[in-house]
Amino acid sequence: MRQGRGWSSALLLLLGLGCLAQKLPTRDEGLFQMQIRDKSLFHDSSVVPDGAEISGYIFRDTPKRYYFVVEEDNTPLSVTVTPCDAPLEWKLTLQDLPEESSGEASGEPEPLDQQKQQVTVDEGTDLFSYKGNDVESYVSTSTPSGLYQLELLSTEKDSNFKLYATTTPESDQPYPQLPYDPRVDVTALGRTTVTLAWKPTPTGSLMGQPVQYCVVINKEHNFKSMCAAEAKMSSDDAFMLAPKPGRDFSPFDFERFGFVPSYNGFGKDRGLTSNKISRVYPPKPKVSDIQKVCIGNKNIFTVSNLKPDTQYYFDVFAVNSATNTSTAYVGTFARTKEEARQKTFELKDGKVSNVFIKRKGSKFLRFAPVSSHQRVTLFVHSCLDTVQVQVRRDGKLVLSQNAEGVRQFQLRGKPKAKYLIRLRGSRKGASTLKVLATTRPSSKHPFPSLPDDTRIKAFDKLRTCTSVTVAWLGTQDRNKYCIYRKEVADNYGEEQRRREQNQCAGPESRRKSEKVLCKYFHSLNLQKAVTTETIKGLEPGKTYLLDVYVVGHSGHSVKYQSKLVKTRKYC
């Protein structure tokens, strides 16, 4: 049997062979033995500390060697290697070193080159070897004293790894133990959620060690170790993109009665006039979908915010909170359920349909003209917030725009074509719409024509204690306009007005006492298509909400933007 005497000298020899022309320095043997037991001194060296996990990095096709000493015969030994980024080849050997010669008694050390030759002639006895990316261990209940060498090699790429060695495996228990059934089970499956459950590790309950669970979710594969998942996460970090330059809009400039005529194209985006060179932004890097969530000591967890009809891989790791060492359960995978198929509503040619959309929801409408047609006119009346309108003709996208108020779209027809209209609601709240599609080239559509600007303008200089004067724009079509008033509290704000702004609610929803008058108005010259009205019979110092409705030929009405006015308190 080998003896423990002199193994520390051999260890120092192996780590210091770079100085071939020098002799070994003299040292204090007791101090050396104390230092070699100090884990902190050798954390980043080639000496493996007894009973502590270390992290290492290895270059591709470049072997890396670690050494540690077993000082007494019949000592238990456990060595665990955890590959992170790539598979590893590793081999554990017991070095065959010669016994110390009579030179010890004479006090004359052997030349260094002669010692090196003695150390490297014999490669040692192979104890264990492994190749792969599993967490693998060498365990022996009885090992001889001696110098042990662990050699690692990565043939695929530069890689991270973790290493642990101990001569007291029974008392250390560095890694949390797995239960008798180490599988992760899927207990519930939805379109965007997956519920996982697993049996708890006995380490926490039996040994009293602090244990928590971490769950890793990704779309590619299961991981065999925590460090493999963390290495993947760190390699897929992406930088945020700088914001794109904003659009440049000219300020609103009132003309005549405070409006801009429709012929000048106001409301459309103007091009950027700056002479500055536009910045080029690189495409956004691909970001991995891998997520890591630590949940404490719970052994049931529901993963949310997943994509429908998508396969995900789930891994659970038991982590010793004191040492940060971890053990992987047997991972699982599952495919989320498909998104519920949207019901498609049929649109009839020339008939208005009422559509309700939930917050962030969508509705699909289908329009299939029964006869050949040259064009399709689509009316969309968004009663509340802006909605997104997409139209596909025979599967091809022909329109994608946002719609607010009443919008009219002209689509080029095609024989036997079918149209699929998708309406996507607002994030602010539910949306109510009126939709009409027709192939008939008629000027008398149910929706009234509207100017580009549907605001009501109040004139401050014409404001008195009992009256206010307002104006609004019209169109070339002769339409009926009805104006209503309602007294409101002084603290009636813009946010409250916006909540009550339902453009689809017509005059029939108002009280008769709120009606001011109705009149017909139009002008062939758009520059003169503006009308004024003085509202009398008001009380001094009061706040009023004014609404103007334009009524179409078939009774459908559209409300202009509401206006808050206040009479003078003293005249």
Side-chain angles (χ1 to χ4, degrees), residues 1-18 24 27 29 32-39 41-54 56 58 62-83 88-101 103-104 110 112-132 134-154 161-172 174-175:
M1 298 294 289
R2 295 173 177 81
Q3 302 298 322
R5 185 182 58 176
W7 290 124
S8 55
S9 301
L11 176 59
L12 180 63
L13 173 63
L14 285 175
L15 299 179
L17 293 179
L24 284 174
R27 56 170 169 76
E29 183 69 23
F32 178 81
Q33 291 295 336
M34 181 186 70
Q35 291 175 337
I36 208 169
R37 291 183 175 88
D38 189 343
K39 300 170 186 178
L41 294 177
F42 295 95
H43 183 76
D44 294 322
S45 71
S46 296
V47 178
V48 180
D50 192 336
E53 186 181 61
I54 62 173
I58 186 171
T62 304
K64 193 164 190 177
R65 296 177 179 87
Y66 286 87
Y67 301 92
F68 58 94
V69 171
V70 174
E71 297 185 355
E72 298 180 1
D73 290 332
N74 302 318
T75 299
L77 177 61
S78 175
V79 179
T80 301
V81 177
T82 303
L88 294 179
E89 299 178 25
W90 61 276
K91 179 174 64 174
L92 182 66
T93 59
L94 174 59
Q95 296 297 303
D96 291 329
L97 298 178
E99 295 290 343
E100 290 183 337
S101 63
E104 181 185 31
E110 298 178 356
L112 182 59
D113 55 350
Q114 183 177 347
Q115 294 185 18
K116 176 187 174 186
Q117 183 179 8
Q118 292 176 345
V119 170
T120 57
V121 166
D122 197 331
E123 295 183 355
T125 303
D126 290 344
L127 301 177
F128 184 79
S129 63
Y130 173 77
K131 180 179 180 180
D134 286 331
V135 180
E136 192 61 57
S137 299
Y138 167 78
V139 180
S140 176
T141 57
S142 178
T143 57
S145 61
L147 180 67
Y148 288 76
Q149 173 185 285
L150 177 68
E151 181 176 282
L152 302 98
L153 177 67
S154 175
F161 64 90
K162 291 183 180 294
L163 173 60
Y164 179 84
T166 180
T167 55
T168 54
E170 290 297 327
S171 59
D172 281 2
Y175 299 98

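For Tyr175, the side chain to side chain donor-acceptor pair (under 3.5 Å) partners at least two apart in sequence or on another chain are Glu53. Val135 is linked by a side-chain contact (heavy atoms from CB on, under 4.5 Å) to Thr80, Thr82, Ser225, counting only residues two or more places apart in sequence or in another chain. Partners of Thr75 by side chain to side chain donor-acceptor pair (under 3.5 Å), not counting sequence neighbours: none found. Applying the side-chain contact (heavy atoms from CB on, under 4.5 Å) rule to Thr141 yields no partners; only residues at least two apart in sequence or on another chain are considered. Scanning for side chain to side chain donor-acceptor pair (under 3.5 Å) contacts around Lys64 gives an empty result, with sequence neighbours left out. Ser78 is linked by a side chain to side chain donor-acceptor pair (under 3.5 Å) to nothing, counting only residues two or more places apart in sequence or in another chain.
Using a 30° and 60° split on the angle between ring planes, Tyr148 and Phe68 fall in the parallel class, below 30°.
Distance CD/Glu89 to CD1/Ile58: 9.5 Å, rounded to 0.5 Å. Separating the OH atom in Tyr138 from the CG atom in Leu127 is a distance of 4.5 Å, to the nearest 0.5 Å. Atom CG in Asn74 sits 4.0 Å away from atom OG in Ser142 (nearest 0.5 Å). Rounding to the nearest 0.5 Å places OG1 of Thr143 at 8.5 Å from CG of Leu94. Rounding to the nearest 0.5 Å gives a distance of 8.5 Å between CZ of Arg65 and NZ of Lys91. For the atom pair CG of Asp126 and OG1 of Thr93, the computed distance is 6.5 Å after rounding to the nearest 0.5 Å.
Looking only at distances, a side-chain donor or acceptor of Asp73 sits under 3.5 Å from a matching main-chain atom of Ser145.
Counting all heavy atoms, side chain and backbone alike, Leu150 lies closest to Trp90 at CD1-CE3, 3.2 Å. Nearest approach of Leu92 to Val79, heavy atoms of both residues: CD2-CG2, 4.3 Å. Minimum heavy-atom separation, Pro144 to Val70: O-CG1, 3.7 Å. Residues Val48 and Ala165 share a closest heavy-atom pair of CG1-CB, 3.7 Å.
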*Given Val81 and Leu152, is the side chain to side chain contact (heavy atoms under 4.5 Å, CB included) satisfied, shown in steps?*
CA-CA 9 Å; Val81 177; Leu152 302 98; 3.9 Å; yes

